[in-house]
Amino acid sequence: MPADLEEKTDRYEGLLAEALDAAEIAPPEETPMGEAAAECLEMATSYLEDGRHFREDGDLVNALASFSYGHAWLDAGARVGLFDVPREGHLFTV
């Protein structure tokens, strides 16, 4: 049975917020890779804020999409080594 949209949106918002708290920039910040990591963090944070705005407006579909896109920025950054992240658990696919 598919997850309820509201429940799934809640879950993905929490997942993104938790992943943002767990991700730490790995390369030195003054390097091109450090700058790329900072940009990925900024994108993920922006998508979290956007998703919360959509949720407040009652637009759960776009809220869920925003939370998903935000997490994708972090997950991709973790896969290429931009972030130090937990290797165990449910937050990242590294």
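- Follow the hydrophobic side-chain contacts under 4.5 Å out from Met43 and you never reach Leu16; the two are in separate clusters.
- Checked by atom type and distance alone, the side chain of Asp75 pairs as donor or acceptor with a backbone atom of Thr93 at under 3.5 Å.
- A distance of 11.0 Å separates OG of Ser68 from CG of Asn62, quoted to the nearest 0.5 Å.
- With hydrophobic clusters built from ILVMFWY side chains whose heavy atoms lie under 4.5 angstrom apart, Phe92 does not share a cluster with Trp73.
- Scanning both residues, Gly81 and Pro27, for their nearest heavy atoms gives O-CD, 4.0 Å.
- The two residues Leu64 and Lys8 make their nearest non-hydrogen contact at CD1-O, 4.0 Å.
- Cluster annotation: Leu74 is connected to Tyr12 through the hydrophobic network of ILVMFWY side chains, with a link wherever side-chain heavy atoms come within less than 4.5 Å.
- Within 6.0 Å of atom CD in Glu7, more than 12 heavy atoms from other residues, nucleotides or ligands are found, so the atom counts as buried in its surroundings.
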Under the criterion side chain to side chain contact (heavy atoms under 4.5 Å, CB included), I'd like the reasoning laid out for Arg55 against Asp59: C-alpha separation, chi angles, the key distance, then a yes or no. CA-CA 5 Å; Arg55 175 190 283 284; Asp59 187 351; over 6 Å; no
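- Partners of Arg79 by salt bridge (Lys or Arg N to Asp or Glu O under 4.0 Å), not counting sequence neighbours: none found.
- For Glu6, the side-chain contact (heavy atoms from CB on, under 4.5 Å) partners at least two apart in sequence or on another chain are Asp4, Asp10, Leu60.
- With sequence neighbours excluded, no residue satisfies side-chain hydrogen bond (donor to acceptor under 3.5 Å, both in side chains) with Glu88.
- Remark: Glu42 engages Ser46 in a side-chain contact (heavy atoms from CB on, under 4.5 Å) (not counting sequence neighbours).
- With sequence neighbours excluded, no residue satisfies side-chain hydrogen bond (donor to acceptor under 3.5 Å, both in side chains) with Asp50.
- Residues meeting the side-chain contact (heavy atoms from CB on, under 4.5 Å) test with Tyr69, sequence neighbours left out: Tyr47, Ala65.
- With sequence neighbours left out, the side-chain hydrogen bond (donor to acceptor under 3.5 Å, both in side chains) criterion links Thr31 to no other residue.
- Distance check, rounded to the nearest 0.5 Å: CG of Leu15 to NE2 of His90 gives 5.5 Å.
- Checked against side-chain hydrogen bond (donor to acceptor under 3.5 Å, both in side chains), Asp57 has the following partners two or more places apart in sequence or in another chain: His53.
- Considering every non-hydrogen atom in both Phe83 and Ala78, the closest pair reads CD1-N, 3.6 Å.
- Not counting sequence neighbours, Glu56 has no partner by the salt bridge (Lys or Arg N to Asp or Glu O under 4.0 Å) test.
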Sequence neighbours excluded and cut-off under 3.5 Å, please list the side-chain donor-acceptor pairs for residues 32-41, or say none.
none

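- When the ring-ring contact (aromatic ring centres under 6.0 Å, His included) test is applied to Phe54, no partner is found at least two apart in sequence or on another chain.
- Using a 4.5 Å heavy-atom cutoff, the side chains of Leu5 and Val61 are in contact.
- Residue Leu82 holds its CG atom at 8.5 Å from CD1 of Ile25, rounded to the nearest 0.5 Å.
- Taking Arg52 as the reference, Glu13, Ala17, Leu48, Phe67 meet the side-chain contact (heavy atoms from CB on, under 4.5 Å) condition, with sequence neighbours excluded.
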